Amino acid sequence: MNYWLIKSEPSVYSWDDLVKEKQTIWSGVRNYAARLHLRAMKKNDELFFYHSNEDVAIVGIAKVAKEAYSDPTSETDAWVAVDVKPVRKLKTSVSLSMVKTNKKLSGMALVRISRLSVQPVTAEEWNQVLTMAGEK
DNA sequence: GCCAACGTTGGC
DNA sequence: GCCAACGTTGGC
């Protein structure tokens with residue numbers, strides 16, 4: 001099982017929207033690095049759902065409901081989408097500043113490659129964030 | 001609203 | 001193949 005992090009601006013699509021909708025298509029990714037990660041996702045892999053721009057925090061856990069397929073919002077076959085569904089909201093959301101102050105998370109892609117919208121999370125990082133969220 | 005970081009495009 | 005110019009993302 002692998003772990004990932006996906007970003008969304010809450011004004012465009014928030015965690016609450018995902019919960020309301022029960023499942024959504026993660027489409028519109030037009031970045032090669034992000035596409036690589038989308039393609040590597042397996043069913044039931046877990047994802048941190050991150051709010052960018054406004055909330056600037058990891059707010060919940062989602063999982064892969066359907067592995068990568070051709071993105072219907074693209075006119076070519078070059079891009080892919082996955083389906084994700086909510087698992088649960090974190091007890092306490094973990095803000096970016098909290099992540100930055102945690103030395104164990106200094107290698108996290110969220111800190112190092114801030115513009116990447118779909119990124120891998122190691123098991124260590126995953127557990128560390130869960131601890132900060134009061135889940136452990 | 002500003003700006004840094006990064007990706008993409010296009011001229012040479 | 002290099003690099004300047006430009007556009008976009010995202011934190012503050």
Side-chain angles (χ1 to χ4, degrees):
Chain A
M1 159 118 93
N2 287 306
Y3 301 108
W4 312 93
L5 180 145
I6 54 175
K7 291 183 182 176
S8 185
E9 295 186 36
S11 61
V12 178
Y13 196 88
S14 70
W15 169 259
D16 289 341
D17 292 331
L18 179 63
V19 170
K20 220 176 294 165
E21 235 188 316
K22 303 234 173 35
Q23 180 164 326
T24 195
I25 170 172
W26 211 255
S27 61
V29 173
R30 297 291 182 272
N31 173 284
Y32 292 110
R35 184 178 73 183
L36 211 66
H37 300 313
L38 282 182
R39 282 184 172 156
M41 285 182 188
K42 295 291 174 202
K43 194 172 160 72
N44 294 324
D45 274 1
E46 293 190 304
L47 315 101
F48 281 138
F49 194 98
Y50 177 83
H51 278 169
S52 64
N53 280 319
E54 286 161 52
D55 215 19
V56 199
I58 298 166
V59 294
I61 298 172
K63 70 175 182 177
V64 178
K66 188 178 175 191
E67 293 176 17
Y69 55 98
S70 183
D71 185 343
T73 69
S74 168
E75 288 182 11
T76 73
D77 296 339
W79 302 105
V80 296
V82 297
D83 287 352
V84 303
K85 56 183 176 186
V87 175
R88 66 176 188 279
K89 191 173 186 170
L90 293 179
K91 275 185 194 162
T92 317
S93 51
V94 177
S95 70
L96 180 63
S97 60
M98 284 166 70
V99 170
K100 282 184 174 168
T101 30
N102 188 331
K103 281 189 185 133
K104 290 178 187 160
L105 294 177
S106 62
M108 227 179 142
L110 188 63
V111 181
R112 292 197 355 265
I113 322 168
S114 63
R115 284 187 52 196
L116 189 58
S117 60
V118 179
Q119 44 184 260
V121 175
T122 67
E124 291 76 23
E125 289 161 356
W126 183 269
N127 288 321
Q128 192 60 37
V129 171
L130 286 187
T131 302
M132 294 170 87
E135 300 270 336
K136 295 207 162 188

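By convention in this document, chain letters (A, B, ...) are assigned in the order of the sequence lines, proteins followed by strands, and residues within each chain are numbered from 1. Everything quoted here is computed from the prediction, not taken from an experiment. Just so it is clear, the values below take in all heavy atoms, side chains as well, and ignore hydrogens, waters and symmetry mates.
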Answer yes or no: is there a side-chain heavy-atom contact under 4.5 Å between N102(A) and M98(A)? no
Any heavy-atom pair between the side chains of Y50(A) and I58(A) that's under 4.5 Å? yes
Using rotation axes that map the C1' atoms of four end pairs onto the next four (five pairs an end), what angle separates the end axes of the helix from dG1(B)-dC12(C) to dC12(B)-dG1(C), to 10°? 10°
Please check if the side chain of E135(A) supplies one atom and the backbone of K91(A) the other of a donor-acceptor pair under 3.5 Å. yes
Heavy atoms, side chains only, cut-off 4.5 Å: are T73(A) and R30(A) in contact? yes
Can a donor-acceptor pair be found, under 3.5 Å and without considering hydrogens, that links the side chain of E67(A) to the backbone of K43(A)? yes
Which distance, rounded to the nearest 0.5 Å, do you find between the CD1 of I25(A) and the OH of Y69(A)? 3.0 Å
Under 3.5 Å: donor-acceptor pair, side chain of E54(A), backbone of E9(A): no
Give me the residues of residues 3-11 of chain A where at least one heavy atom lies under 4.0 Å from an atom of DNA chain C, by number, or none. K7(A)
Extract, from 5' to 3' on DNA chain C, the first and final nucleotides lying under 4.0 angstrom from some heavy atom of chain A. dG7(C) to dC12(C)
Is the ring pair Y3(A)/W126(A) parallel, tilted or perpendicular, if the boundaries are 30 and 60 degrees? parallel
Under 4.0 Å between any heavy atoms, over every strand shown, what does L96(A) touch: base, sugar-phosphate, or nothing? Just pick one. sugar-phosphate
Whether S114(A) side chain and V111(A) backbone form a donor-acceptor pair below 3.5 Å: no
Test item: N31(A) side-chain N/O and A33(A) main-chain N/O as donor-acceptor pair under 3.5 Å: yes
